[in-house]
Each structure stands twice: as C-alpha cells, then as structure tokens.
Amino acid sequence: MPPRRISIALALIATTLTIAAALPWLLYRIGLGQIDGRPSRATQTVVTTHDLQALRTRLRISQPIRSNPISPYSYLFQDPDMSANTRMAWIIARAHNVRHLTDHRYWHLSGAALTIWLTRNWTSDELVAKAVELTAPRV
C-alpha cells in the first residue's frame, strides 16, 4: 500500500475514533439543551428512616443508596437494572421534563441527559429527598 493511502487510512481511523469518543458527550449536551432550567431541590431535606424505607419499597430498591455519578458512557453501558441513585435521578428528570421540555421528540435523550446531570450535580441525600417528595402518596 502506498504511503499516501496509509496516511489517508490512518486519518480516517483517527477521525472515526474521535467522533465515537465525542458523540456521547455531544448527545448529552443536545439533550440538556432541550430542557428549560433544572429541577429544584427538595423543599424538605430531612428524610426519616420510614420515608427512606417507603421509597425503597415503592421503587423496589434492594441495593444501598450511595453517590454514584455517571457519565454518558457509563449511562450507555450500565446494567439494565439501574443503580438506586440512577433510578431516583431518572424519577426526578421525568417529573421535571414533563413541564420543561421544549421539544418532546427529545424525551428519551433529554431524560437520559438530565439523569446524568443530576447524578453529577446532586448528592445522594438530595436525590433521596427529592425522590421522596415526588413519590410520596398524596394525602
């Protein structure tokens, strides 16, 4: 193979790998861009043991709830049984996007992007408090 063809092939491979590496982050930014604002934190930040147990039961969470920030890569390759943290972030993202999504064609992409954003910007305690607030039975 002539040196020019090798150079072109290497350039194509490098370009393809760069695009593949950047694409998840680009999709993340596009998804976030479709959402007006970000969710507000819980009004009540103290969660009782009873509230936490009720949340775990409602969401069928068996694993411990701990801080676990995710990236667009880890979101794509995570176990279909999401971590407790990711499930709570998804509940918050879904509730927020119902009213704040500019284009509902981006529902899934924006939901995934906001879920990622929440795990990276909120603590586990904040996620738990907001999830309790959103899923508590109305009286």
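We're numbering straight along the sequence, starting at 1.
If you chain together ILVMFWY residues whose side-chain heavy atoms come under 4.5 Å of each other, Leu12 ends up grouped with Ile8. Hydrophobic cluster membership for Leu17: Ile13 (Ile, Leu, Val, Met, Phe, Trp, Tyr linked by side-chain heavy atoms under 4.5 Å, directly or transitively). Counting side-chain heavy-atom gaps under 4.5 Å among Ile, Leu, Val, Met, Phe, Trp and Tyr, the cluster of Tyr106 also holds Leu23, Leu26, Leu27, Ile30, Leu109.
Under the side-chain hydrogen bond (donor to acceptor under 3.5 Å, both in side chains) criterion, Asn85 pairs with Ser124, not counting sequence neighbours. Contacts of Arg105 classified as side-chain hydrogen bond (donor to acceptor under 3.5 Å, both in side chains), with partners at least two apart in sequence or in another chain: Asp103. With sequence neighbours excluded, no residue forms a side-chain hydrogen bond (donor to acceptor under 3.5 Å, both in side chains) with Thr15. Every residue meeting the side-chain contact (heavy atoms from CB on, under 4.5 Å) condition with Ala112, not counting sequence neighbours, appears here in chain and number order: Tyr75. In this structure, the ring-ring contact (aromatic ring centres under 6.0 Å, His included) partners of Tyr28, at least two apart in sequence or on a different chain, are Trp25. Take His104 and apply the side-chain contact (heavy atoms from CB on, under 4.5 Å) test, not counting sequence neighbours, and it matches Leu101, Trp107. Considering only residues two or more places apart in sequence or on other chains, Leu76 meets the side-chain contact (heavy atoms from CB on, under 4.5 Å) condition with Pro24.
The side-chain heavy atoms of Leu114 and Asn97, taken from C-beta on, include a pair separated by under 4.5 Å. Counting heavy atoms from C-beta on, the side chains of Ser40 and Lys130 come closer than 4.5 Å. Using a 4.5 Å cut-off on side-chain heavy atoms (C-beta onward), Val47 and Asp125 make no contact. Here the side chains of Ile116 and Pro72 are in contact, with some heavy-atom distance below 4.5 Å.
Within the structure, side chain to side chain donor-acceptor pair (under 3.5 Å) pairs that include any residue of residues 111-121 do not occur (at least two apart or interchain). Listed by first then second residue, pairs satisfying salt bridge (Lys or Arg N to Asp or Glu O under 4.0 Å) with a partner in residues 27-51 read Arg41-Glu126, not counting sequence neighbours.
Between the side chains of Thr102 and Gln34, at least one donor N or O lies within less than 3.5 Å of an accepting N or O.
The two residues Ala93 and Leu118 come nearest to each other via the heavy atoms N-CD1, 3.8 Å. Across every non-hydrogen atom of Gln44 and Ala129, the tightest pair is O-CB, 3.7 Å. Between Ala131 and Met88, the shortest heavy-atom contact is CB-CG, 3.8 Å.
Val98 and Ile91 fall within a single hydrophobic cluster, where Ile, Leu, Val, Met, Phe, Trp and Tyr side chains are chained together by heavy-atom contacts under 4.5 Å.
For the atom pair Ser83 OG and Trp90 CH2, the distance stands at 14.0 Å (nearest 0.5 Å).
Remark: the backbone N or O of His96 is paired with a side-chain donor or acceptor of His100 at under 3.5 angstrom.
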